[in-house]
Amino acid sequence: MSQIAFSAPAAPLAPLRLTARGRLVLLALPLLMIVTVATLIIGAWLAPASASQTHLTGPGTGLEEVTVMEGDSLWGLAREFAPSQDTREVVSRIASLNADTGVLKPGQTLIVPSDAQD
(Lines give C-alpha, C1' and ligand atoms only; values in the text may rest on other atoms or scores of the structure.)
Protein backbone atom coordinates (compact mmCIF):
# COMPACT_ATOMS: atom_id res chain seq x y z
CA MET A 1 0.00 0.00 0.00
CA SER A 2 1.01 3.53 -0.57
CA GLN A 3 1.40 6.03 2.16
CA ILE A 4 0.07 9.54 2.06
CA ALA A 5 2.32 12.07 3.65
CA PHE A 6 0.77 15.12 5.23
CA SER A 7 2.87 18.19 5.65
CA ALA A 8 2.70 20.37 8.70
CA PRO A 9 0.13 23.16 8.50
CA ALA A 10 1.44 26.42 7.08
CA ALA A 11 2.07 29.30 9.40
CA PRO A 12 -0.96 31.57 9.74
CA LEU A 13 -0.93 34.58 7.44
CA ALA A 14 -0.29 37.98 8.85
CA PRO A 15 -3.38 40.22 9.01
CA LEU A 16 -3.94 42.43 5.97
CA ARG A 17 -3.01 46.04 6.58
CA LEU A 18 -4.32 48.74 4.27
CA THR A 19 -2.83 52.15 3.88
CA ALA A 20 -5.02 55.23 3.80
CA ARG A 21 -4.82 55.21 0.01
CA GLY A 22 -5.89 51.54 -0.09
CA ARG A 23 -8.92 52.22 2.13
CA LEU A 24 -9.85 55.18 -0.09
CA VAL A 25 -9.70 52.99 -3.21
CA LEU A 26 -11.77 50.24 -1.58
CA LEU A 27 -14.42 52.82 -0.63
CA ALA A 28 -14.38 55.06 -3.72
CA LEU A 29 -14.31 52.42 -6.47
CA PRO A 30 -17.62 50.70 -5.62
CA LEU A 31 -19.20 54.07 -4.88
CA LEU A 32 -18.08 55.38 -8.29
CA MET A 33 -19.51 52.30 -10.01
CA ILE A 34 -22.88 52.74 -8.25
CA VAL A 35 -23.07 56.43 -9.20
CA THR A 36 -22.17 55.62 -12.84
CA VAL A 37 -24.84 52.93 -13.14
CA ALA A 38 -27.44 55.18 -11.48
CA THR A 39 -26.58 58.03 -13.87
CA LEU A 40 -26.94 55.75 -16.90
CA ILE A 41 -30.30 54.45 -15.70
CA ILE A 42 -31.64 57.93 -14.96
CA GLY A 43 -30.32 59.24 -18.29
CA ALA A 44 -32.02 56.43 -20.21
CA TRP A 45 -35.26 57.05 -18.33
CA LEU A 46 -35.30 60.81 -18.99
CA ALA A 47 -34.03 60.77 -22.59
CA PRO A 48 -36.72 61.57 -25.15
CA ALA A 49 -37.60 58.81 -27.57
CA SER A 50 -36.63 59.50 -31.18
CA ALA A 51 -39.80 57.97 -32.53
CA SER A 52 -41.99 60.49 -30.71
CA GLN A 53 -40.54 63.62 -32.31
CA THR A 54 -43.12 65.73 -34.11
CA HIS A 55 -42.58 67.20 -37.56
CA LEU A 56 -42.10 70.96 -37.62
CA THR A 57 -43.05 71.42 -41.25
CA GLY A 58 -46.17 70.52 -43.13
CA PRO A 59 -49.68 71.74 -43.85
CA GLY A 60 -51.00 74.27 -41.36
CA THR A 61 -47.68 74.85 -39.56
CA GLY A 62 -46.65 77.97 -41.46
CA LEU A 63 -43.20 76.44 -41.93
CA GLU A 64 -41.57 74.91 -44.99
CA GLU A 65 -38.47 72.83 -45.50
CA VAL A 66 -36.24 74.37 -48.17
CA THR A 67 -33.09 73.05 -49.83
CA VAL A 68 -30.50 75.79 -50.30
CA MET A 69 -29.42 76.39 -53.91
CA GLU A 70 -26.25 78.08 -55.17
CA GLY A 71 -26.50 81.85 -54.59
CA ASP A 72 -29.32 81.69 -51.99
CA SER A 73 -29.20 84.00 -48.97
CA LEU A 74 -31.29 84.21 -45.83
CA TRP A 75 -32.59 87.58 -46.98
CA GLY A 76 -33.63 86.19 -50.37
CA LEU A 77 -35.33 83.14 -48.83
CA ALA A 78 -37.19 85.36 -46.37
CA ARG A 79 -38.48 87.60 -49.19
CA GLU A 80 -39.43 84.58 -51.34
CA PHE A 81 -41.34 82.53 -48.75
CA ALA A 82 -42.85 85.28 -46.56
CA PRO A 83 -43.20 88.37 -48.75
CA SER A 84 -46.00 89.92 -46.64
CA GLN A 85 -43.92 89.85 -43.43
CA ASP A 86 -41.06 92.12 -42.35
CA THR A 87 -37.98 90.60 -43.98
CA ARG A 88 -35.73 91.37 -40.99
CA GLU A 89 -38.05 89.48 -38.63
CA VAL A 90 -38.28 86.53 -41.02
CA VAL A 91 -34.47 86.36 -41.32
CA SER A 92 -34.25 86.38 -37.52
CA ARG A 93 -36.85 83.61 -37.29
CA ILE A 94 -35.01 81.50 -39.90
CA ALA A 95 -31.82 81.87 -37.84
CA SER A 96 -33.63 80.78 -34.66
CA LEU A 97 -35.30 77.79 -36.36
CA ASN A 98 -32.02 76.50 -37.79
CA ALA A 99 -29.01 75.93 -35.57
CA ASP A 100 -26.22 76.57 -38.10
CA THR A 101 -27.08 79.37 -40.53
CA GLY A 102 -23.77 81.22 -40.46
CA VAL A 103 -22.81 80.19 -43.99
CA LEU A 104 -25.34 78.68 -46.36
CA LYS A 105 -24.14 75.72 -48.40
CA PRO A 106 -25.85 74.33 -51.50
CA GLY A 107 -27.82 71.22 -50.55
CA GLN A 108 -28.31 72.36 -46.94
CA THR A 109 -31.88 72.02 -45.64
CA LEU A 110 -33.48 74.94 -43.80
CA ILE A 111 -36.83 75.43 -42.10
CA VAL A 112 -38.34 78.76 -43.14
CA PRO A 113 -41.57 80.55 -42.20
CA SER A 114 -44.05 80.76 -45.04
CA ASP A 115 -47.09 82.86 -45.94
CA ALA A 116 -48.64 79.92 -47.79
CA GLN A 117 -51.77 78.54 -46.13
CA ASP A 118 -52.18 74.83 -46.99
Side-chain angles (χ1 to χ4, degrees):
M1 281 196 134
S2 64
Q3 293 182 345
I4 300 176
F6 291 101
S7 61
L13 297 175
L16 181 64
R17 293 183 181 214
L18 290 176
T19 62
R21 182 182 296 163
R23 284 189 292 268
L24 179 66
V25 168
L26 282 179
L27 177 68
L29 192 59
L31 187 62
L32 180 64
M33 289 180 6
I34 290 170
V35 168
T36 302
V37 169
T39 302
L40 289 173
I41 290 171
I42 291 170
W45 180 291
L46 296 177
S50 297
S52 67
Q53 291 180 350
T54 58
H55 294 286
L56 292 175
T57 61
T61 62
L63 299 173
E64 286 190 39
E65 202 169 286
V66 176
T67 302
V68 175
M69 304 300 280
E70 184 72 35
D72 280 346
S73 65
L74 290 179
W75 191 267
L77 292 172
R79 290 182 62 182
E80 179 181 346
F81 287 94
S84 66
Q85 299 177 34
D86 181 16
T87 306
R88 293 169 295 187
E89 290 178 10
V90 177
V91 168
S92 176
R93 184 139 186 246
I94 292 172
S96 68
L97 287 170
N98 301 280
D100 184 18
T101 57
V103 176
L104 296 182
K105 299 173 189 139
Q108 180 180 359
T109 303
L110 295 177
I111 297 173
V112 298
S114 173
D115 283 344
Q117 298 297 324
D118 296 328

Asks: How long is the gap from CD1 on I41 to CG on L46, to the nearest 0.5 Å?
Replies: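 One gets 12.0 Å once the value is rounded to the nearest 0.5 Å.
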Asks: Determine the minimum heavy-atom distance between P113 and V90, stating which atoms define it.
Replies: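 It is CG-CG1, 3.9 Å.
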Asks: Minimum heavy-atom separation for T109 to N98, with atom names?
Replies: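 The pair with the smallest heavy-atom distance is O-OD1, 4.3 Å.
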Asks: Quick check on the hydrophobic clustering: are I94 and W75 connected, directly or via other members, by side-chain heavy-atom contacts under 4.5 Å?
Replies: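 Yes, it is one cluster - the side chains of I94 and W75 are joined through contacts under 4.5 Å.
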Asks: To the nearest 0.5 Å, what is the distance between CD (E80) and OG (S114)?
Replies: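 Rounded to the nearest 0.5 Å, the CD-OG separation comes out at 9.5 Å.
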Asks: Please test V25 against L18 for side chain to side chain contact (heavy atoms under 4.5 Å, CB included), starting from the C-alpha separation and ending with a verdict.
Replies: CA-CA 10 Å; V25 168; L18 290 176; over 6 Å; no
Asks: L77 and side-chain contact (heavy atoms from CB on, under 4.5 Å): which partner among D72, V91, T87?
Replies: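 It is D72, the one option of D72, V91, T87 that forms the side-chain contact (heavy atoms from CB on, under 4.5 Å) with L77.
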Asks: When rounded to the nearest 0.5 angstrom, what is the spacing between OG1 in T39 and CD1 in I34?
Replies: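 Rounded to the nearest 0.5 Å, the OG1-CD1 separation comes out at 11.5 Å.
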Asks: Is there a path of hydrophobic side-chain contacts, each under 4.5 Å between heavy atoms of I, L, V, M, F, W or Y residues, that connects L40 with V37?
Replies: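 No; tracing contacts between hydrophobic side chains, which count when under 4.5 Å, never links both residues.
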Asks: Show your working on side chain to side chain contact (heavy atoms under 4.5 Å, CB included) between L104 and L74 and close with a plain yes or no.
Replies: CA-CA 8 Å; L104 296 182; L74 290 179; 4.1 Å; yes
Asks: With rounding to the nearest 0.5 Å, note down the distance linking CD1 in I111 to CZ in F81.
Replies: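 It is 12.5 Å, given to the nearest 0.5 Å.
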Asks: In chain order, what residues pass the side chain to side chain donor-acceptor pair (under 3.5 Å) check against Q85, with sequence neighbours excluded?
Replies: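 Q85 satisfies side chain to side chain donor-acceptor pair (under 3.5 Å) with D115 once adjacent residues are dropped.
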Asks: So which pairs with a foot in residues 81-94 pass salt bridge (charged side-chain N to carboxylate O under 4.0 Å, His left out), sequence neighbours left out?
Replies: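 Applying salt bridge (charged side-chain N to carboxylate O under 4.0 Å, His left out) to every pair that reaches into residues 81-94, excluding sequence neighbours, yields D86-R88.
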Asks: Name all residues meeting the side-chain contact (heavy atoms from CB on, under 4.5 Å) criterion together with S92; count only those two or more places apart in sequence or in a different chain, and write none if there are none.
Replies: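 side-chain contact (heavy atoms from CB on, under 4.5 Å) list for S92, sorted by chain: empty.
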